[in-house]
Amino acid sequence: MTSAQAITHGISAEGGLFVPQTIPTVTPQDLVRLSKMNYKGRAKEILSLYLTDFTAEEIAQCVDGAYADGKFSSAETAPLVKLSDGSEILELWRGPTCAFKDMALQLLPYLLTVAAGKAADGKQIVILVATSGDTGKAALEGFKNVRNTQIMVFYPSDGVSPMQKLQMATQEGDNVMVCAIEGNFDDAQSGVKKIFTDPAVAAKLAEKNKMFSSANSINWGRLVPQIVYYVSAYCDMLKKGEIRNGDPVNVVVPTGNFGNILAAYYAKQMGVPLGRLICASNKNKVLTDFIETGVYDRRRDFYCTSSPSMDILISSNLERLLFLLSDMDDKQTAQWMQSLSKDGVYDVGAEMHKKITDVFSAGFCDEDATQSLIREVYQTEHYLCDTHTAVAVQTYRNYKAETGDSTPTVIASTASPYKFSKSVLHAIAPQECMDDEFAVVERLHEITGFECPKQLLELKDKTVRFTDCCAVKDMEEAVLRAML
């Protein structure tokens with residue numbers, strides 16, 4: 001299967017995930033050369049190594065459109081900000097929706113348009129998305145009014161922040177649809193995958209000359225752009241003189257669905273000298289427990305936290321890691337996934353567990369520690385973290401205290417603090433308490449002086465377009481009603 005086919009289909013017919021047959025490599029000389037380029041130049045080089053059926057001209061067109069001047073609030077696209085402990089915050093939220101998902105979802109519509117021209121046989125693409133908050137808005141914004149596409153987003157009705165919900169509910173575009181569900185993100189994700197793999201639904205779409213695809217990180221076209229920013233971060237460290245070529249750099253990622261940290265693993269496998277990959281979880285610490293024990297067990301309480309994009313108990317991209325570490329043993333990987341679906345648990349065994357812990361470390365941060373970290377970093381660094389970034393920073397501090405590892409470290413920052421303004425304000429000034437979202441935003445700005453992105457402020461005057469909510473069992477009906 002070509003990369004165009006993988007991007008167009010999003011997920012295999014039986015529900016498995018696509019991966020490249022081989023992982024391309026970069027040399028130390030390549031890293032020196034890439035360090036002299038801007039983000040767009042680096043993206044073109046890395047994407048060309050994976051998307052081998054795309055021409056150089058097609059990749060250039062996609063990248064130039066996605067990361068055009070003015071789309072991101074930083075000239076560096078994904079800038080590094082150094083803290084006093086020496087760690088570097090990789091700001092991945094400078095895009096149109098103020099979340100790291102923009103790094104991929106500004107690019108995916110361009111990639112999908114090119115891919116569909118190669119592999120969709122003229123069909124209209126129907127994109128289904130399950131979101132824990134940020135993916136939904138980023139996908140809606142990326143695909144709004146994109147020719148020959150429709151997009152429908154499902155989100156947990158009580159599992160996103162007020163700002164995230166408002167971003168989705170006010171989304172503009174003639175080809176977009178948003179629906180809340182009575183459940184959590186795992187319910188939304190499972191529901192979408194069930195619809196994807198239902199032959200009867202696919203047949204109904206085919207009758208209308210339509211086909212499904214995905215904008216979640218289960219789609220390879222969503223994951224491959226994320227590899228770029230880890231390569232780019234290493235190159236920026238090299239360019240700044242923070243490291244010498246070949247020096248290891250640890251990476252810390254606040255993780256829910258495992259896609260963001262998996263992208264770092266791909267970069268490491270390519271030859272980028274990344275050291276420990278540190279998986280940071282919130283109170284829903286299924287990944288922390290898995291990395292520490294080798295047992296993945298989703299049979300536990302689900303918590304709604306102040307870092308909702310990590311409120312996940314079924315981390316779908318872990319399937320890709322297990323496939324790679326098992327020497328591409330699809331039967332064993334499928335068995336683990338079937339056990340998770342049927343019994344809610346699987347054990348990878350001692351040999352596989354060692355392979356995981358040779359690369360990954362893990363930790364978690366509860367709600368109290370998240371609040372304390374936001375307050376401390378603001379007071380000592382005058383830097384404002386959102387709740388997800390706070391989980392990552394605290395997990396890194398715990399890891400460093402426990403191991404003494406002083407390797408230079410990049411911490412992925414995944415969202416603007418203003419997307420979670422109530423939680424951030426409460427951490428900075430606990431005595432402040434108000435319900436109006438924009439009053440909170442205004443007060444947070446007054447106290448800290450940090451500017452709120454204008455695209456969030458403008459939501460105040462936008463018309464709410466989408467208010468539907470359905471039961472999980474009715475998701476298929478909602479899709480067919482909206483898209484046929």
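Computed over heavy atoms, backbone and side chain alike; hydrogens, waters and symmetry mates excluded.
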So, [X] and [Y]: side-chain donor and acceptor under 3.5 Å apart, yes or no?
| X | Y | answer |
| --- | --- | --- |
| Lys118 | Gln5 | no |
| Ser413 | Thr389 | yes |
| Thr135 | Lys101 | yes |
| Thr97 | Gln167 | no |
| Asn216 | Gln189 | no |
| Trp93 | Thr414 | no |
| Asp30 | Thr27 | yes |
| Asp236 | Tyr229 | no |

Considering only NZ, NE, NH1 and NH2 on the basic side and carboxylate oxygens on the acidic side, decide whether [X] and [Y] come within less than 4.0 Å.
| X | Y | value |
| --- | --- | --- |
| Arg94 | Glu91 | yes |
| Lys71 | Asp102 | no |
| Glu458 | Lys454 | no |
| Glu242 | Lys82 | yes |
| Lys422 | Asp436 | no |

Would you name the heavy atoms of [X] and [Y] that are closest together and state the gap between them?
| X | Y | answer |
| --- | --- | --- |
| Ile314 | Ile312 | O-CG2, 3.3 Å |
| Cys98 | Lys419 | O-CD, 3.3 Å |
| Ser232 | Arg42 | OG-NH1, 2.8 Å |
| Arg222 | Gln226 | O-OE1, 3.3 Å |

Under the 3.5 angstrom rule, does the side chain of Ser190 hit a backbone N or O of Asp187 as a donor-acceptor pair?
no
Does any N or O in the side chain of Thr55 come within less than 3.5 Å of the main-chain N or O of Glu58, such that one atom is a donor and the other an acceptor?
yes
With Lys283, which residues qualify under side chain to side chain contact (heavy atoms under 4.5 Å, CB included), at least two apart?
Tyr303, Thr305
Parallel, tilted or perpendicular, judged at 30° and 60°: which one describes the rings of Tyr50 and Tyr266?
perpendicular
For the residue pair Tyr67 and Tyr39, categorise the inter-ring angle as parallel (less than 30°), tilted (30 to 60°) or perpendicular (more than 60°).
perpendicular
Enter the distance from [X]:[atom1] to [Y]:[atom2] here, rounded to the nearest 0.5 Å.
| X | Y | atom1 | atom2 | result |
| --- | --- | --- | --- | --- |
| Ile261 | Leu287 | CD1 | CG | 8.5 Å |
| Ser213 | Ile7 | OG | CD1 | 8.5 Å |
| Gln171 | Arg465 | CD | CZ | 8.0 Å |
| Thr113 | Gln61 | OG1 | CD | 9.0 Å |

The side chain to side chain donor-acceptor pair (under 3.5 Å) partner of Asn282 among Thr288, Thr370, Asp311 is Asp311
For Glu172, all residues meeting salt bridge (Lys or Arg N to Asp or Glu O under 4.0 Å), sequence neighbours excluded:
Lys462
Pick from Phe360, Tyr296, Trp336, Phe258: which one makes a ring-ring contact (aromatic ring centres under 6.0 Å, His included) with Phe290?
Tyr296
Measure from NZ or CZ of Lys268 to the centre of the six-membered ring of Tyr234, then state whether that distance is under 6.0 Å and the direction lies within 45° of the axis.
no
